[in-house]
Colleague: 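Here it is, the structure, as structure tokens.
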Amino acid sequence: MITRRRLAGMALIVALAVSVVYAFFYDRTKEYLSEEFLMDTLVSIKTYGNDLDDLKKATEQAFTEMRRIEDLTDRFAEPGTPAYAASDVCRINEQAGKKAVTVSSDVFAMLELSQKYYTLTKGAFDVTIGPVVDVWGFGKPDQKVPGADMLKGALALVNNNDMVLDKQNMTVFLKNDGMCLDLGGIAKGYATQKAAEILEETGIQGALINAGGNIRVLGVKDEKTPWKIGIQDPRDSSRLIGTLDLKEESCVTSGDYNRYFMSEQVRYHHIISPFTGYPAAENMSVTVITQDAAVADILSTALFILSPQEALTLAEELPDTEAFIVTAEKQILFTNGLKNVEVRAGEGYRYDKS
Amino acid sequence: MTRADKTLIICVLLVGIAMYFVLPLFNDTDSHKTQAIIKQEGQIVKIITLVENESSSFKMQGKNGPFIVEVDSGRIRISESACPDKFCVKRGWISSPGESIICVPNEVVIYFDAQSPVDAITR
């Protein structure tokens, strides 16, 4: 006979036993994924931790930070709107040739970094490229191949040395009328890096931020598994041309296949060389792996503009910087220090194992 | 506690442990069917099961304007869109896990449900 007391006791034991087993086997690491359209792309933040509420809160803070950077660097705000007044880049461009403009510490930091890499890349990375981007129409509804005279005029305004940074007063001055900053090669990376720092400060152990292919990871995915990142095949979007393992690092790719327009059967993409004023043509894609996402963004653009050999040499020289390059001749090259890379050369690609 | 009680407890425990390993197997069988997911402004608005040799197309309304989604033998694309830059149309067909079509002006994302072999793709 089972008495009522015994039944109650038994139920209690079973409940206890089940919860112990559940607690033992249950995967305590929770994943939280959030996506938002900002900085002209889809940004997704994936975080891992024990408490879903903490993950949610941290992710929201990271997005707020990215939106803040977006507002400061938005180049296409309408004059007279609050967005225009909030954009440091709009205000700097408006005062080109006139006067110095006081800016936020973030925009100042981005421009300092830009200047440093302008020198390091011997002019391949130049944030004063704005006038040339404008004559091509990138970032605007209509894109067209500019006339030679128009292009020449715009190119004459491009010179990073005519951007004056005053650290004491936190001001920026573009010396010549018509000059125009375009932070398209750094803002997304910088925002990604800031978001990663926010997540780190809030104690998040594992995270992956993906801002339209600009990737920054924190920690490990789970139990020491590194993050696995695929590099898109530049001529077949359904394929990966390689995979990488990332740990506390960023990787950013610049390619000729994402943003482009066609004119008389010729493809014109959006990464314009400050040397020629035309889309850079020596590489199909360049992926840079380094700790800081802003630096990875800058370098992927700069190395894309350089010749494959120059790009590879520069990446080898820079500390803690690796690069994976697909040249216009479909040759795959990468730096010696790039570990845990798996190359999947598809049809037509050349890859010489060394 | 009688012998029967103990047996019962152990049985419940064993079943619990077994379920932990068995249940995920059932979930996996579902993912063999490829499903494309369409998200608009952060919300899933449509789930399409992609079947070989079956095609269809339909019109949807985005934040910026209308667009047409085309499905054909396990692949999917945006064939027309009223957005200014048309990067989504130029993206062409997608057919494997990890791939996605993104239209920023329309705030539309199309991707596959199945597990991608990588955590993210740099492009």
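Convention: sequence-line order gives letters A, B, ...; per-chain numbering from 1.
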Colleague: Is chain A contacted by the side chain of B:Lys86, its backbone, both, or neither, given a heavy-atom distance below 4.5 Å?
Modeller: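 When you check distances to chain A, no heavy atom of B:Lys86 falls under 4.5 Å.
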Colleague: Under 4.5 Å heavy-atom distance to chain A, tell me which part of B:Val108 shows up: side chain, backbone, both or neither.
Modeller: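 B:Val108 touches chain A through backbone heavy atoms alone.
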Colleague: Among A:Pro234, A:Ser254, A:Gly213, A:Ser34, which residue forms the greatest number of heavy-atom pairs with chain B at distances under 4.5 Å?
Modeller: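 With the most close heavy-atom pairs to chain B, the winner is A:Gly213.
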Colleague: Do NZ/NE/NH1/NH2 and the carboxylate oxygens of A:Arg67 and A:Glu60 come within less than 4.0 Å?
Modeller: yes
Colleague: Using only heavy-atom distances, determine whether the side chains of A:Glu35 and A:Ser44 contain a donor-acceptor pair under 3.5 Å.
Modeller: no
Colleague: Taking the basic N atoms (NZ, or NE/NH1/NH2) and the acidic carboxylate oxygens, is any pair closer than 4.0 Å for A:Lys247 and A:Glu249?
Modeller: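 Looking at A:Lys247 and A:Glu249, the cut-off is not met.
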Colleague: Identify which part of B:Glu107 has an atom lying under 4.5 Å from any heavy atom of chain A, answering side chain, backbone, both or neither.
Modeller: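 Its backbone and side chain both get close to chain A.
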Colleague: Is any NZ, NE, NH1 or NH2 atom of the basic residue among A:Asp256 and A:Arg235 found under 4.0 Å from an Asp or Glu carboxylate oxygen of the other?
Modeller: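 Yes, A:Asp256 and A:Arg235 are salt-bridged.
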Colleague: Does any backbone or side-chain atom of B:Cys83 lie under 4.5 Å from a heavy atom of chain A? Answer side chain, backbone, both or neither.
Modeller: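 Neither; nothing under 4.5 Å.
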Colleague: Between A:Lys140 and B:Asp85, is there a side-chain N and carboxylate O pair less than 4.0 Å apart?
Modeller: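 No.
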Colleague: Output the option from A:Ser285, A:Pro141, A:Ser300, A:Ser238 having the highest count of non-hydrogen pairs under 4.5 Å with chain B.
Modeller: A:Ser238
Colleague: For A:Gln205, I'd like to know if atom CD has over 12 heavy atoms of other residues, nucleotides or ligands within 6.0 Å.
Modeller: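 No, because the 6.0 Å sphere around CD of A:Gln205 holds 12 heavy atoms or fewer from other groups.
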Colleague: Return the option, out of B:Arg91, B:Lys90, B:Arg75, with the maximum number of heavy-atom pairs under 4.5 Å with chain A.
Modeller: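 Looking at each option in turn, the highest pair count goes to B:Lys90.
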